[in-house]
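A quick write-up on the structure given underneath.
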Amino acid sequence: ALQKKTTTKIPRAQYGGRNAVTMLPGGGIGPELMKYVRDVFHFAGVPIDFEVIDIDPSTEGNDDLDYAITSIKRNGVAIKGNIETKSEELGAVSRNVALRNELDLYVNVLHCKSYPGIATRHPNIDVIIVRQNTEGEYAMLEHESVPGVVESMKVVTDENAERVARFAFEYAKNNGRKKVTTIHKANIMKLSDGLFLEVSKRVAKDYPNLEHNNMIIDNCCMQLVSNPYQFDVMNMTNLYGTIVSNVLCGLSGGAGLYSGRNYGDHYAIFEPGTRNTGTAIAGKNIANPIAMLNSAVDMLVHLGHNDHAQVISEAIYQTISEDNLRTPDIGGTASSTDVIENIMKVLSKKRVHWQHG
Ligand code: ATP
């Protein structure tokens, strides 16, 4: 029988009140962003020990990846950057996709909530994207049937469509949201997207207090850029999810701000929402550290370290929206380390109140 729960929040691997968490820095800006997370955690006294695993994209075989998967299975929780796949390797499978599939992280959640002070096309955006994370267009079942003809399979299953729709409605119910919009292209992909849409309508019947509507993906993109305020919680398949995530992040500040949460029934991985490698800006002290730091905050919430999550989250908000310290990607002139130092400065002031009250 299908489970109705959305995600199992079981803090794992806890020794003497400390959690062990797998850290996969990945390539590009990943390692520098992870250093900021560790610096801030150390400064704030967060009781977490990281098991750092570097996956070398140039190695053949999957030993590093297998080790990472074993570590996440042991710890239950990971934080990650984007792992590069050597593109010359023909038929190379993305290690990011392999990780999500192996751990059955069937849903990805991205909450786009604008920070005041960042100039964007639309102010005050507050939208949640719930995305199927393990199948659909990412099934990676492609073959050349005859020379010059390539086929790619898009897989939609009733079970996974149900799990992701259930997650979207539960999320809406538990977070005071009013509406779920299912995004699809069922007018063309009548069977695959048709099933995804049909399942969402079936699940919606269990939530009579929530409004449910649906929209075709192309119209959705137009509606998003012209009037994003009509959206609340959005439910969609894998490829539409990555496109809509990038549109929404672009509308509300870009790749450097928001976290993406990957959940299954047993494990969770936290990473920047748009999953960029940022190769071109690596090592220049200009990458926005906020998306990875927000991923770390979400990880703390998942593990039940709510006090630490809250103070770090408040320090992030104050740094961006009140102290106006912002990296170039969001219109500022500050370096990555300027932003992190300010966050620590805010934290040290908060710590006085925190420890005494
Ligand atoms: P690649 O693997 O070649 O790096 P990608 O698809 O991962 O490509 P990126 O080019 O890394 O995408 O990122 C897309 C854009 O977002 C780039 O302009 C990049 O500089 C920017 N970007 C991504 N992350 C950040 C960040 N943390 N701070 C500032 N800019 C960022």
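Both counts, for ligands and for their atoms, begin at 1 and track the order of listing. By convention here, the first residue in the shown sequence is residue 1.
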Geometric cation-pi criterion, R131 with Y138: 6.0 Å, 45°: yes

Residues that R326 engages under side-chain hydrogen bond (donor to acceptor under 3.5 Å, both in side chains), provided they are two or more places apart: N324

Residues lining ligand 1 [heavy-atom distance under 4.0 Å, listed by chain and residue number]: I29, A255, G256, N276, T277, G278, T279, I281, A287, N288, D329

Pairs satisfying ring pair (Phe, Tyr, Trp, His ring centres under 6.0 Å), at least one member in residues 45-84, at least two apart: F41-F50

Ring centre gap for F270 and H302 strictly below 6.0 Å: yes

Qualifying residues under side-chain hydrogen bond (donor to acceptor under 3.5 Å, both in side chains), relative to S313, sequence neighbours excluded: none

Rounded distance [0.5 Å steps], OH in Y258 versus CG in D298: 13.0 Å

